[in-house]
Amino acid sequence: MDSEISISLDIDQPLDCASTLESGQAFRWRRRGDWYYGVVIDDLVALKQDGSRLEVRSSSSRPDQLESTLRDYFRLDDDLDAIYSCIDTDPRMHDAIAAYRGLRILRQDPWECLVGFICSANSNIPRISASMVAIAQSYGQPLQLDDYVDHSFPTPQKLAEAGESALRELKLGFRAKYVARAAERVAQGEVKLEPLRHLPYQEAKEVLTSLPGVGDKVADCVLLFSLDKLDACPIDRWVRRAMEEWYLDGAKLNYKDIRIWSLRKWGGYAGYAQQYLFHHKRLEGKVQG
DNA sequence: CCACGGCCTGATTC
DNA sequence: AGAATCAGGCCGT
């Protein structure tokens with residue numbers, strides 16, 4: 001039986017845990033008071049940020065690796081100040097960075113990330129979260145940390161076995177077919193996600209878009225949020241609006257041309273730039289800031 | 001290459 | 001109230 005452990009990390013990088021975990025890149029974190037509960041590499045962890053210190057509690061099966069696991073998950077090796085200096089080149093981006101300083105791109109598990117963004121099609125964040133939680137509850141392994149229970153994310157094999165109709169019962173709608181078929185292909189080994197990390201952007205993207213339910217946007221999300229492609233630049237409705245309104249004087253560009261434009265403006269950190277624009281635009285009109 | 005409609009579902013808007 | 005519309009798209013025509 002795993003025993004609960006508690007550690008404290010000194011963070012020497014800008015980190016805004018709340019913005020990072022609530023910026024729509026990961027869908028299964030839940031806030032309880034000051035603590036965020038979630039699953040990282042099959043370990044249930046609770047996080048509380050106190051300035052430059054991150055308090056961590058976990059029922060970890062590998063306590064000696066917990067710190068490195070979290071440093072990896074939050075990409076603490078990214079030099080955020082260096083990244084800011086590359087992309088902070090106009091007033092809009094400057095405002096976004098000022099507002100959400102410490103918002104980081106995560107390095108998530110590619111399989112869970114893929115399913116999450118397949119589920120994102122024509123949906124919204126609360127609903128995507130509900131779908132992902134339902135999938136984990138139904139097919140994952142239970143994990144417990146004091147009185148809190150969550151689940152590991154089920155393997156491709158498990159979801160392939162579950163099948164489309166069972167996933168439809170979890171309210172995935174038309175996305176159930178995509179998730180089931182993608183699970184089959186990954187489970188069969190026809191597509192291997194982890195090695196995509198070491199391929200160039202374009203090659204990795206072609207593999208991902210060969211999966212059902214994965215187009216340009218979903219592929220870019222998976223590449224950025226789980227496969228180390230910081231130049232991947234997912235353009236969703238929000239980012240498109242932000243771009244057209246703030247940078248393109250209302251002009252309409254197709255997906256590929258927006259990518260080209262973004263790479264020219266923000267270079268290899270276009271993905272980070274995109275995340276700040278997304279967050280800024282999405283929260284622009286919200287009462288709750 | 002672009003345009004369009006359909007697709008599950010639930011919340012919000014009209 | 002009940003009908004449209006919208007929500008971090010994808011796919012087929």
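By convention in this document, chain letters (A, B, ...) are assigned in the order of the sequence lines, proteins followed by strands, and residues within each chain are numbered from 1. Remember, predicted model here, so these are calculated numbers, not experimental data. Values below: all heavy atoms of this structure, side chains included; hydrogens, waters and symmetry mates excluded.
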Once you apply a heavy-atom cut-off of 4.0 Å, does A/Ser23 come out as touching a base, just sugar-phosphate, or nothing? base
Would you measure the distance from the P atom in C/dC10 across to the matching atom in B/dC1 and give it in whole Å? 16 Å
Contact class for A/Ile235 vs. all strands (heavy atom < 4.0 Å): base, sugar-phosphate, or nothing? nothing
Which comes earlier along DNA chain C counting from the 5' end, the contact point of A/Phe278 or that of A/Pro212, where each point is its nearest nucleotide? A/Phe278
B/dC1, OP1 or OP2 - any side-chain N/O from A/Asn254 closer than 4.0 Å? no
Salt bridge check: are A/Asp220 and A/Lys205 linked by an N-O gap of less than 4.0 Å? yes
Which value, in whole Å, describes the distance between the P atoms of nucleotides C/dG8 and B/dG6? 22 Å
Considering heavy-atom distances to DNA chain C, does A/Gly213 or A/Gly24 have its closest nucleotide positioned more toward the 5' end? A/Gly24
Report yes or no: do A/Tyr100 and A/Met243 belong to one cluster of Ile/Leu/Val/Met/Phe/Trp/Tyr joined by side chain heavy-atom distances under 4.5 Å? yes
Heavy atoms under 4.0 Å, any strand shown: does A/Val239 hit a base, just sugar-phosphate, or nothing? nothing
Mark yes or no: A/Arg259 above the aromatic ring of A/Tyr201, with NZ or CZ under 6.0 Å from the six-membered ring centre and no more than 45 degrees from the axis. yes
Could you tell me the separation between the CD1 atom of A/Ile118 and the P atom of C/dG8, rounded to a whole number of Å? 18 Å
If you define the side chain from C-beta out and look only at heavy atoms, does anything of A/Ser23 sit under 4.5 Å from A/Gln25? yes
Could you tell me whether A/Lys217 contacts a base, only the sugar-phosphate backbone, or nothing, with contacts defined as non-hydrogen atoms closer than 4.0 Å? base
For A/Tyr178 and B/dG6, what is the distance between atoms OH and P respectively, to the nearest whole Å? 15 Å
Paired with C/dA7: which nucleotide, if any, by Watson-Crick or G-U wobble criteria at under 3.5 Å for both distances? B/dT9
Decide, yes or no, whether a salt bridge links A/Arg185 with A/Glu190 under the criterion of side-chain N to carboxylate O below 4.0 Å. yes
Measure CE/A/Met243 against C1'/C/dG8 and give the value in whole Å, please. 15 Å
Would you mind reading off the distance between A/Met132 atom CE and C/dG8 atom P, rounded to a whole angstrom? 16 Å
Between C/dC11 and B/dG10, how far apart are the C1' atoms? Round to whole Å, please. 23 Å
Quickly work out the A/Asp220 CG to C/dG8 P distance and round it to whole Å. 18 Å
Taking the same atom, P, in B/dC8 and in C/dA1, what whole-Å distance lies between them? 30 Å
Report yes or no: is the cationic atom of A/Arg32 (NZ for Lys, CZ for Arg) closer than 6.0 Å to the six-membered ring centre of A/Tyr37, at no more than 45° off its axis? yes
Write down the distance between CG (A/Leu114) and P (C/dC10), rounded to a whole number of angstrom. 12 Å
What distance, rounded to whole Å, do you find between the two P atoms, one in C/dT5 and one in B/dC4? 15 Å
Mind calculating the distance between CG (A/Leu167) and P (B/dT9) to the nearest angstrom? 13 Å
Within the modelled atom types, does a donor on one side and an acceptor on the other bring the side chain of A/Arg127 and the base of B/dC8 under 3.5 Å apart? yes
Rounded to the nearest Å, what distance is computed from the CZ atom of residue A/Arg175 to the C1' atom of nucleotide B/dG10? 11 Å
Closest approach to the side chain of A/Phe174, judged atom by atom: which nucleotide of C/dG8, B/dC8, B/dG10 is it? B/dC8
Over all strands shown, is A/Leu211 touching base, sugar-phosphate only, or nothing at heavy-atom distances under 4.0 angstrom? sugar-phosphate
From C/dC11, B/dC8, C/dG8, pick the nucleotide closest to the side chain of A/Asn124? C/dG8
